[in-house]
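All residue numbers in this chain count up from 1 along the given sequence.
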Amino acid sequence: MQNSAKPLRKIVIVGGGAAGWMSAAALSAVLKPPYEIRLVESEEIGILGVGEATIPLISMFNGLARLDEAAFMKATQATFKLGIEFVNWGRQGERYFHGFGRVGKEPLWPVDFTQYWLRMRALGRAQPIEAYVMSAAAAQAGRFMLPRREMQNSPLADLAYAYHFDAGLYARHLRALSEQRGVRRTEGKVVRVLLDEQAGPTQGHVRAVQLESGEQVAGDLFLDCTGFAGLLIDKALGVGFEDWRHWLPCDRAWAVPSESTKPLLPYTRATAHRAGWQWRIPLQHRVGNGHVYSSQHMSDDEAASVLLRHLDAPPLADPRLIRFRTGMRHDAWARNVVAIGMSAGFVEPLESTALHLIQMGVAGLIEAFPHEGFDPTEIAEYNRRSRERYESVRDFIVLHYHLNQRQDGGFWDACAHMAVPDKLRWRMNLYAASGRLVYVDTDLFREPSWFEVMEGQNLRPRRWLPLTELQGVEETAAYLKGVSDTIANCVGVMPGHEEFVRHYCAAGVGR
């Protein structure tokens with residue numbers, strides 16, 4: 001076995017923001033000279049940024065990029081996130097919580113914890129599911145602490161959490177780290193993409209990008225981080241886009257910051273409105289708010305009015321309108337261009353997946369980092385896994401819309417009656433039959449997340465698995481009580497979220 005392929009040397013990242021600087025930070029943490037990493041961005045274009053919330057797997061990226069947690073949180077005005085509270089998504093007036101991490105505990109008996117909970121709930125012997133989810137119980141109490149890994153038999157050992165942070169400040173923090181590691185930033189607007197026209201294996205590859213100044217930036221591998229514009233993957237290489245608006249009809253969002261409120265909540269809130277939903281993301285210095293909606297069911301003026309009317313505190317700026325379309329590129333990697341972030345695809349920010357999809361795009365590239373020859377088999381596998389990840393996230397988001405039982409017609413009625421993707425229908429049917437949950441290795445959201453959303457939006461199984469009844473009712477009830485009591489005791493020893501942030505990662509005012 002010998003490696004005769006020549007390594008490529010020059011990596012050019014086109015576009016900044018979260019996608020560009022996350023890519024730069026991860027690659028610069030892995031690649032050493034003689035590899036060269038150059039990032040081209042234009043201050044004139046600016047950063048889109050439709051959300052500032054994350055999911056727990058962001059910690060894997062931060063570890064790869066070698067970020068110090070407290071330092072990055074101070075730099076980005078961050079707070080902790082234990083999950084998402086959903087308001088008015090099932091029936092109007094109802095709310096439920098999607099908490100991170102495990103539901104219950106690993107059972108000593110044959111089937112999953114959720115099966116015993118379903119049986120006890122039917123018998124009136126179970127508390128709401130939030131009492132058995134560590135993150136949900138802590139969030140509702142407004143408390144937080146870092147996991148205590150040394151307490152291996154305690155729920156405190158594996159408390160799952162993520163962050164709320166300012167995405168612009170996050171990009172700035174990553175930029176500083178990347179430049180310290182040798183990433184070269186070039187200010188400039190790309191006006192032309194130059195392709196290799198010479199006959200040979202690289203014919204049709206991107207050779208360089210030309211800037212408004214006339215400078216040409218050449219490279220071997222290009223990352224397209226230009227967002228919806230898709231300057232390389234779309235405009236230059238013509239890779240098509242698969243539109244998902246028939247499943248996810250929201251196509252616009254108004255975003256606005258508002259003044260901070262007390263208490264400082266350790267969770268995101270998503271509140272359904274007549275033709276979409278509103279996010280609320282608490283940071284140290286302000287609250288991020290936005291109204292995602294369907295322009296086919298609500299005018300821009302009405303959508304802005306709905307957002308401003310439902311703020312918890314006065315706005316700090318005028319609302320900003322963001323237009324988007326949900327879907328994905330037919331291929332995220334074409335020739336010598338890899339699309340990262342919104343240039344590869346976009347699924348609306350309901351479950352805070354945007355930064356994770358950037359993370360997985362970069363991680364997949366590192367795993368299959370190419371030689372100069374760009375093996376088509378490796379590229380095909382990257383695209384296969386990318387598609388499966390995007391489709392899995394899409395299905396999880398569609399689930400929220402489809403399971404609504406709202407009575408205000410129009411938008412929500414159309415969502416409830418739409419034909420959902422086949423794999424999602426299979427998951428729903430399996431759960432409705434016996435409460436069974438499945439996991440596919442490219443799933444971002446694991447079984448507990450699917451369970452919490454299905455239950456929260458009133459999808460009820462017709463039965464539970466028969467082996468659940470091998471245990472007596474009293475024994476099972478005692479088992480559940482032991483779990484909820486343990487979680488309540490753990491929450492009781494936690495400090496308040498705001499107190500923990502103040503001592504651990506308090507940021508300066510007005511960054």
Side-chain angles (χ1 to χ4, degrees), residues 19 48-51 55 86 89 224 226-230 233-235 238-253 270 272-273 275-277 279 290-298 303 321-334 339-361 364 382-404 410-428 440 442-445 449-450 453-454 457:
L48 178 57
V50 297
I55 59 175
F86 289 92
W89 279 83
D224 186 339
T226 62
F228 294 133
I233 196 74
D234 179 21
K235 302 294 192 300
V239 176
F241 188 86
E242 185 176 306
D243 198 313
W244 290 343
R245 77 182 75 185
H246 50 294
W247 288 313
L248 294 168
C250 289
D251 59 355
R252 296 187 186 181
H273 293 313
W277 62 279
W279 76 71
H291 182 198
V292 178
Y293 63 100
S294 165
S295 63
Q296 297 297 309
H297 297 84
M298 181 175 284
L321 181 62
I322 301 165
R323 292 178 172 87
F324 60 84
R325 58 174 176 166
T326 54
M328 64 173 291
R329 295 283 162 205
H330 295 309
D331 291 317
W333 186 341
I340 301 291
M342 290 182 290
S343 59
F346 183 74
V347 184
E348 63 163 82
L350 182 60
E351 284 278 358
S352 311
T353 58
L355 294 186
H356 178 77
L357 290 169
I358 294 171
Q359 171 184 339
M360 294 308 296
Y382 179 96
N383 286 329
R384 182 190 70 82
R385 294 184 66 83
S386 177
R387 170 168 289 278
E388 288 186 354
R389 281 194 294 269
Y390 271 91
E391 288 181 345
S392 176
V393 170
R394 175 202 67 195
D395 288 359
F396 190 61
I397 303 303
V398 171
L399 177 73
H400 296 65
Y401 285 100
H402 185 61
L403 286 184
N404 84 87
F411 173 83
W412 292 102
D413 188 63
C415 291
H417 291 93
M418 67 179 164
V420 300
D422 291 342
K423 188 174 286 187
L424 174 58
R425 176 63 62 189
W426 163 65
R427 290 182 191 266
M428 293 170 56
V440 179
T442 48
D443 279 349
L444 167 54
F445 296 100
S449 294
W450 288 88
V453 174
M454 288 177 177
Q457 296 196 204

Using a 3.5 Å distance criterion without hydrogens, assess whether the side chain of [X] forms a donor-acceptor pair with backbone atoms of [Y].
X	Y	answer
D243	R325	no
R329	V239	yes
W247	A419	yes

Check your understanding: Do the ring centers of F228 and F346 come within less than 6.0 Å of each other?
Key -> yes

Check your understanding: Is the distance between the ring centroids of F445 and W450 less than 6.0 Å?
Key -> no

If you round to the nearest 0.5 Å, how far is [atom2] of [Y] from [atom1] of [X]?
X	Y	atom1	atom2	result
R425	L399	CZ	CG	10.5 Å
E348	D251	CD	CG	10.0 Å
E351	I55	CD	CD1	8.5 Å
S343	I233	OG	CD1	7.0 Å
M428	M454	CE	CE	6.5 Å
L357	S386	CG	OG	8.0 Å

Side-chain heavy-atom pair [X], [Y] within 4.5 angstrom cut-off:
X	Y	value
V347	T326	no
W89	L350	yes
Q296	R245	no
E391	P421	no
Q457	Y401	no
F411	C250	yes
R389	L444	no

Can you see which heavy atom on [X] is nearest to which on [Y], and at what distance?
X	Y	result
I340	I358	CG2-CG2, 3.8 Å
Y390	G341	OH-O, 3.6 Å
S392	D443	OG-OD1, 2.8 Å
V292	P349	CG2-CG, 4.3 Å
A229	K235	O-NZ, 2.7 Å
C415	N404	CB-ND2, 4.0 Å

Check your understanding: Counting only heavy atoms not in R384, do more than 12 sit closer than 6.0 Å to its CZ atom?
Key -> yes

**Study point:** Criterion side chain to side chain contact (heavy atoms under 4.5 Å, CB included) on V398 and M418, from CA distance to verdict
**Key:** CA-CA 10 Å; V398 171; M418 67 179 164; 3.4 Å; yes

Check your understanding: Can you name the side chain to side chain contact (heavy atoms under 4.5 Å, CB included) partners of M298, sequence neighbours left out?
Key -> R274, A275, H291, Y293, E302, A303, V306

Review point. Can you name the residues that form a side chain to side chain contact (heavy atoms under 4.5 Å, CB included) with K423, not counting sequence neighbours?
Key: D395, W426, R427

